[in-house]
Amino acid sequence: MKTKKAVILKSIALATAVIFSLTAYASSTPTAEIKTTVDAIVSAIKDKNLSLPSNREKRRGKIRSLIKEKFDFEEMAKRSLARHWNDRTPEERKEFVSIFSELLEASYISKIESYTNEKITYDKEEIKGEDKYGVVSTTIVTRNVNIPVEYKVMRKDNKWYVYDVVIEGVSFI
């Protein structure tokens with residue numbers, strides 16, 4: 001009797017774990033992941049303590065760490081070099097990714113640090129390539145102009161990572 005009860009409890013526990021895993025997988029949309037990251041970045045920008053001039057590097061460090069969690073700099077570097085990527089040695093690739101990521105981080109941070117409570121809308125999400133690629137279309141709504149921003153994403157390990165950002169039609173890579 002005890003073994004039957006133990007088997008039933010283990011089965012219920014396993015079924016529950018599978019359901020939670022599937023729910024987490026299903027709810028992890030590109031838009032949800034981009035929104036979470038953008039919200040965290042905006043929160044860092046709005047943080048009164050981090051916005052002090054003396055904390056500029058601390059704020060940038062926080063933003064940089066959030067960006068590194070969501071951006072796939074190796075994929076960005078690979079796409080920017082296109083066919084020339086394969087001609088590079090592993091050492092050259094590593095160095096290029098490092099330099100390229102620093103450049104993109106600085107460019108992205110300088111653009112987002114000018115944020116002053118504009119509204120960000122999440123307009124459209126497209127999933128392509130057998131659920132491996134997607135585009136999250138957003139708009140930064142300002143008093144004078146609306147700025148379209150597209151995040152091109154790819155799925156790796158059941159998470160969505162940015163491999164390009166297109167601002168007003170201009171690609172980062």
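All residue numbers in this chain count up from 1 along the given sequence. For the numbers below, each heavy atom of this structure counts, side chains included, while hydrogens, waters and symmetry mates do not.
- Counting all heavy atoms, side chain and backbone alike, Trp160 lies closest to Gly134 at CZ3-N, 4.0 Å.
- Listed by chain and number, the residues in a salt bridge (Lys or Arg N to Asp or Glu O under 4.0 Å) with Glu33 are Lys70 (sequence neighbours excluded).
- The neighbour count for Glu130 CD, taken as heavy atoms of other residues, nucleotides or ligands under 6.0 Å away, does not exceed 12.
- Taking NZ of Lys159 as the reference point, atom CG of Asp72 lies at 12.5 Å (rounded to 0.5 Å).
- Counted by atom type alone, Thr139 and Asp123 present one or more donor-acceptor pairs between their side chains at under 3.5 Å.
- Residues passing the salt bridge (Lys or Arg N to Asp or Glu O under 4.0 Å) test with Lys35, sequence neighbours excluded: Asp39.
- Residues Ser137 and Val135 have side chains in contact (heavy-atom distance under 4.5 Å, counting atoms from C-beta outward).
- Annotation for Ile173 and Ser80: closest pair O-CB, 3.9 Å, computed over non-hydrogen atoms.
- The shortest distance between side-chain heavy atoms of Glu69 and Thr37 does not fall below 4.5 Å.
- Cluster annotation: Val166 is not connected to Met76 through the hydrophobic network of ILVMFWY side chains, with a link wherever side-chain heavy atoms come within less than 4.5 Å.
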Derivation of the side chain to side chain contact (heavy atoms under 4.5 Å, CB included) call for Ile120 and Val42: CA-CA 10 Å; Ile120 300 171; Val42 167; 4.2 Å; yes
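- In terms of the side chain to side chain donor-acceptor pair (under 3.5 Å) criterion, residue partners of Asn117 (sequence neighbours excluded) are, by chain and number, Lys46.
- Side chains of Arg59 and Asp47 form no contact here, defined as non-hydrogen atoms less than 4.5 Å apart.
- Taking Tyr108 as the reference, Tyr151 meet the side chain to side chain donor-acceptor pair (under 3.5 Å) condition, with sequence neighbours excluded.
- Pro30 has its side chain within reach of Ile127: a pair of non-hydrogen atoms, C-beta onward, lies under 4.5 Å apart.
- For Asp164, there are no salt bridge (Lys or Arg N to Asp or Glu O under 4.0 Å) partners at least two apart in sequence or on another chain.
- The salt bridge (Lys or Arg N to Asp or Glu O under 4.0 Å) search around Glu75 returns Arg79, not counting sequence neighbours.
- Expressed to the nearest 0.5 Å, how far CZ of Arg83 lies from CG of Asp87 amounts to 8.0 Å.
- Taking Ser43 as the reference, nothing meets the side-chain contact (heavy atoms from CB on, under 4.5 Å) condition, with sequence neighbours excluded.
- Ile34 places a side-chain heavy atom less than 4.5 Å from the side chain of Val162.
- Partners of Phe73 by ring pair (Phe, Tyr, Trp, His ring centres under 6.0 Å), not counting sequence neighbours, listed by chain and number: Phe71.
- Applying the side-chain contact (heavy atoms from CB on, under 4.5 Å) rule to Thr31 yields the partners Thr29, Tyr122, Glu125, Val136; only residues at least two apart in sequence or on another chain are considered.
- Rounding to the nearest 0.5 Å places NZ of Lys119 at 6.5 Å from OG1 of Thr121.
- Considering all non-hydrogen atoms of both residues, Val97 and Ala77 come closest at CG2-CB, 3.7 Å.
- Contact annotation: the side chain of Glu105 approaches that of Lys68 to within less than 4.5 Å [non-hydrogen atoms, C-beta and beyond].
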Got a list of side-chain donor-acceptor pairs under 3.5 Å for residues 141-149, not counting sequence neighbours?
{"residue": "Thr142", "atom": "OG1", "partner": "Asn144", "partner atom": "N", "Å": "3.4"}
{"residue": "Thr142", "atom": "OG1", "partner": "Val145", "partner atom": "N", "Å": "2.9"}
{"residue": "Thr142", "atom": "OG1", "partner": "Val145", "partner atom": "O", "Å": "2.3"}

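- The distance from the OG atom of Ser28 to the CZ atom of Arg155 is 6.5 Å, given to the nearest 0.5 Å.
- No donor-acceptor distance shorter than 3.5 angstrom exists from the side chain of Ser107 to the backbone of Leu104, with no hydrogens or angles considered.
- Sequence neighbours left out, the pairs with a member in residues 89-104 that pass salt bridge (Lys or Arg N to Asp or Glu O under 4.0 Å) are Arg88-Glu92.
- Looking at heavy atoms from C-beta onward, Glu150 lies out of side-chain contact with Val165 at the 4.5 angstrom threshold.
- Residue pairs meeting the ring-ring contact (aromatic ring centres under 6.0 Å, His included) criterion with at least one partner in residues 75-97, sequence neighbours excluded, are Phe96-Phe100.
- Closest approach of Tyr161 to Lys156, counting heavy atoms only: CE1-O, 3.5 Å.
- Shortest non-hydrogen contact noted between Ser98 and Ser101 is O-OG, 2.9 Å.
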